Structure formats: structure tokens, C-alpha cells
Amino acid sequence: MDSILNTIGGRQIAPHSEKWLPNIEPATGQPYGKLPESDVTDVDAAVQAASAARDAWAELGGQERGAHLHALADAVEARSEELARLESIDNGKPIALARTIDIPRAVQNLRFFADAAHTDRSEILRTGEQAINTVIRQPVGIAGVISPWNLPLYLLTWKIAPALAAGNPVVAKPSELTPATAARLGEISIECGLPPGVLNIVHGSGGIAGEAIVAHPDVSAISFTGGTETGARISATAAPHFKKVSLELGGKNPNIIFDDADLDAALAGSIRSSFANQGQICLCGSRVLVHASRYEAFVDSLVDQASKLRIGDPLDDKTQQGALVSAAHRDKIMASVEHARDEGGEVLCGGGVPDDLPDRCQDGFYYRPTVIAGLPMDAATNQQEIFGPVVTVSMFEDDDEVIEMANATRYGLSASIWTRDAVRARRVAECIEAGTVWVNCWLLRDLRVPFGGVKHSGVGREGGEEAMRFFTEPKTICEVP
Ligand code: NAD
């Protein structure tokens, strides 16, 4: 069995308690390794290592920090195939997806913020003849980073890259369900000479290791991506310490197909946005809203294509749908679909586990792509995040009705709109309560734009300058000449 270790102070270290958690391969349901069950003592060691590294890293300057991040990006890129395989085994995602999305994006994250490290963000504001205000931005302090399992290396690097670029040492806790690529990143960071203590990666459960990071008095900022309930708990723990907190949380995103849409493009986009990564992307469009005049034809095609997605061994190049991340998550998805049936929903396809899996995958955590019709917007199935390969389809008559339907949940992360009418697209986009609205596309990302959610989908924004602002504190120096 492979043991994963913590990265603390530039060394690979076992948990002080010698307690471990099993690492399960979702495709087979079998344990294939173990990871540290770190606790407050391990987290404290990581924070001490970060404290020791803090001043030197901040004083190094943006150019040198950028050079370190580029070196890390190059080293990750050189190991792309190894990391894609690790991600696929650890998470259950198709290796083709890990090769084309997860690992390339992790490299891009590191490169993007390596370049961002060079920019001097100081501002000068003159108060008439009386004074000169210089606003400088200084590192916020030790950054606590907590990330989920769905895009493990992609989302971890999305946080640690800006934190490091801005001059902060990091204490990161990846999801206990998918620790492998984070652990490898820790090793790679040592191999490519990142100063000890600058990047510390502590493995373990959220309730113990995660809480210890959030509660640690020397950690100044928490950047979290995960579920809305966890985000609420983190907010409550961090508030008495007056920490800066950025929360990227759940979604129940609408995917709107207007009568004038390019239906082929909308269908291809909807298959991706519904089922990519087995629907386990916070940005997936889990509520498909179709204009009444196109409803029947569009839903028929959606069901047809969803049923044809190739489910199989994530390590098979041709697999389009891999395994769900855990047995508990598969069971939660099953229960959600049963609840949808109880609510009166009609399961048009899927709604169960596949029966034609390869031998190796017989005990894996699979679920068929599922489309459910006939539920009102206030049904639990349309309100609660399922975070799996399950979408509902609903019909609308006009723009105002679909805007109301789109906004009728507590979430507000993203939306997609498919229409050829640019005026309508802009009007509807402006009315939708969400951090991102895609028109005639989905998951088209520019790393410079603000990324995040409104309502229960989050607080704050990541990406580009927003991330650099989060990981720095402005200081005004007011000088009278
Ligand atoms: P989760 O909230 O269960 O766990 C996320 C991370 O938080 C894990 O590392 C976990 O160990 C840790 N954690 C759990 N309890 C904690 C606590 N009390 N204190 C500190 N840390 C704790 O989420 P998940 O199941 O890993 O991920 C799925 C969720 O993430 C979905 O709701 C999804 O929508 C959301 N998500 C959001 C975005 C976004 O950008 N908005 C991106 C990806 C995933």
C-alpha cells in the first residue's frame, strides 16, 4: 500500500500520532493506499514552518517568487501523464479529462500567478498640495487553503498559486478523498527547490485537520472551496479571529435553452455541462430549462445522448463517464433520485447503477447519467445540490418566467444561456443572480476574470486581481512633504 506523507518545512513527514486514513480507488471500491490523519499538532508544526519561512518569502520580491512558481509549473508539466493517472485513480474521473482539463489547468494556474507576481500594485493618490498617499499591498500572512475532491490539483493550485505569488507561505489541506496529486505536488515542490516552509501540505479529515487550520490564531486568511454547509461552519470558526475568508461554495445552476438557440451547440454544451466529471463540477448546469416550443425535441435528444455516454474504467482512454468519488456520495445521489421519484419526478434515463462494467470495476461507485422531468422549481430535487450525473428538465414560456425560475434557489454560482439574440442574452444575463453567466458556451474560463458566487454559493471572488487582492492587505502611507 502506498503511504502519502505530509509536506512540512520542506520535508516529507508522517503524522505525529501515526494515525492513518485509507485511500480508496473509486473505480474498484478497494483501498490502495493510506494518508495521514493529521491533527492539531501536525497543523501547528506546519504553521510554525510557515512562520519561519514567512519573512524571507515576502522579502524575496515578486520576480523571484514568480521564478519559483514557473519552476514548479515546469516540473508539474513535465510530470503531466503521471499526475493525470494519479488524479484518475484517486478521484474516479476519466483519464482523458484529467489529461485535458485537470493537469493542464493546474500548470496554467501556476504560470498565470507566476506572471502576476511581477506586477507592482502600489497606488499614489495626492491630496492636493497637502499630502501624498501611497497605497502599498503587503502579504496577508500565513494562508490557510482548504480544497475539495472534484478537481483536486486544479482547485488546490488555483489557491496556492496566488497565495504564494503575493508573498504568503501556505498551509494547505486537500480533500481526504483525493490526496494523491497534492501529495505529489508537495514532493515536486521540494525537488524543484521551493524554500522549506513556504508550501506546507497537511492531509487529514476536514473536522480535525481542516478545523485546526481555520482555528489556528497564526493563520491570517482562509481560502476555501467546498460545500455550503462546510463554508458556514468555517465562517463561524474564523469570525472571532477576524480572519479574511474567501468561500467558493455549492451551486444549482440553470442551463437555459431559448427557442432561437443553435440547438446542436446547445445540446453538445448541455451534455458537457450536465455530465462532465460525472456532474461533479460546481459549475455543472443541473437544471435544464427549455423553451416550450423546443422542449420535446431537445429533451429527447438530451436523453438519447446521455444514455449513450460510455461508462467504464476511468483508466480506459475511451471512457466518458468514470466513477463517483466515494460510496457515500454514490449513495447520496441514489437517495436523491429516489426522492425525486417520491416527489413525482419522471426518470427519463439513468436512475440506477450500470450493469455492464468491466470486471475490475464491479465494486466501484458508478451511477448512470440521469435526466428527470416533471418537477416544479420548489421541489427538493430542484433546490438541493446533488453534485452528480443527475439533471432535471423543465419547460418555460417566456423570458420573465425563465429568469424567475433561474433565480428560484438559494444558490447563485453560474448559469448558461443558449440563444442567437444578443440583446436578449445580455438582458437575461444581467437579471440572473450568479457570479458567472455563460452565453452560448459553458466553462469557458479566462483566469483574469473574477470567479465566485452570490447568495449561498459563496463570499468573495477568486481569479486574476481579485485573488491577488485577497492574499494582500492594503496599507496607506500618508506623507506631508
Ligand atoms: P466539503 O465541504 O465536504 O469539503 C471540502 C474541504 O473542506 C475538504 O478538504 C474537507 O476535508 C474540508 N472540510 C470539511 N469540513 C471542514 C471543517 N469543519 N473545517 C475545515 N475544513 C473542512 O466539500 P466536498 O464534498 O469536498 O466538495 C463538494 C462541494 O464543493 C460541492 O458543494 C461543490 O459545489 C463545492 N465546490 C464549489 C466550487 C466553487 O468554486 N464554488 C468548486 C468545486 C466544488
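Owing to the predicted nature of the structure, the values given are computational and were not obtained by experimental measurement. Indexing begins at 1, ligand by ligand and atom by atom, following the structure's order.
At a 4.0 Å heavy-atom cut-off, ligand 1 does not touch A209 at all.
The existence of a salt bridge linking R85 and E82 is excluded, since no basic side-chain nitrogen approaches an acidic carboxylate oxygen closer than 4.0 Å. A salt bridge links E433 to K455: at least one charged side-chain nitrogen sits closer than 4.0 Å to a carboxylate oxygen.
The heavy atom nearest to atom 5 (C) of ligand 1, out of those in T225, L177, T230, is found in T225. Proximity annotation for atom 37 (C) of ligand 1: of T237, L413, L249, L249 comes nearest, heavy atoms only. Relative to atom 17 (C) of ligand 1, the option among G206, G144, C282, G453 with the closest non-hydrogen atom is G206.
The shortest N or O to N or O distance between S457 and ligand 1 is not below 3.5 Å. Considering backbone and side-chain atoms alike, N150 places every N or O at 3.5 Å or more from each N or O of ligand 1. Residue F224 has no nitrogen or oxygen atom sitting less than 3.5 Å from a nitrogen or oxygen atom of ligand 1, judged on distance alone. By the 3.5 Å distance cut-off applied to N or O atoms, E176 is counted among the residues near ligand 1. By the 3.5 Å distance cut-off applied to N or O atoms, E211 is counted among the residues near ligand 1. Taking only nitrogen or oxygen atoms, main chain and side chain alike, I146 does not reach within less than 3.5 Å of ligand 1.
Protein heavy atom nearest atom 20 (C) of ligand 1, with residue, atom name and distance: G210 C, 3.3 Å. For atom 28 (C) of ligand 1, the closest heavy atom belonging to the protein is F387 CE2, 3.6 Å. Scanning all protein heavy atoms for the shortest distance to atom 25 (O) of ligand 1 gives W149 NE1, 2.8 Å. Counting protein heavy atoms only, atom 27 (O) of ligand 1 is closest to P148 CB, 3.4 Å. For atom 32 (O) of ligand 1, the nearest protein heavy atom (residue, atom name, distance) is E385 OE1, 2.6 Å. Regarding atom 35 (C) of ligand 1, its nearest protein heavy-atom neighbour is G226 O, 3.2 Å. For atom 23 (O) of ligand 1, the closest non-hydrogen atom on the protein side is G227 N, 3.3 Å. If you check which protein heavy atom lies closest to atom 8 (C) of ligand 1, you get S147 O, 3.4 Å.
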Discussion item. Run E211 and R233 through salt bridge (Lys or Arg N to Asp or Glu O under 4.0 Å) and show every step you take.
Written reply: CA-CA 9 Å; E211 286 252 3; R233 190 174 166 90; 2.2 Å; yes
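With no hydrogens or angles considered, a side-chain donor-acceptor pair links W418 and N255 at under 3.5 Å. Side chain to side chain, N253 and S416 fail the donor-acceptor criterion of an N or O pair below 3.5 Å. Using modelled atom types and a 3.5 Å distance limit, the side chains of K252 and T409 yield no donor-acceptor pair. Using modelled atom types and a 3.5 Å distance limit, the side chains of E176 and S205 yield no donor-acceptor pair.
Residue contacts with ligand 1: G452 is excluded, as none of its non-hydrogen atoms falls under 4.0 Å.
Inside a 4.0 Å radius of atom 30 (O) of ligand 1 there is at least one protein heavy atom.
Here the two rings, on F387 and W149, have centers that are under 6.0 Å apart. Between H203 and W20, the distance separating the two ring centers is not shorter than 6.0 angstrom.
For R105 and Y154, the positive end sits near the middle of the six-membered ring, less than 6.0 Å away and at most 45° from its axis.
Among the candidates E191, E187, E87, the single residue satisfying the salt bridge (charged side-chain N to carboxylate O under 4.0 Å, His left out) test with R79 is E191.
Shown here are the side-chain hydrogen bond (donor to acceptor under 3.5 Å, both in side chains) partners of R121, two or more places apart in sequence or in another chain: E465.
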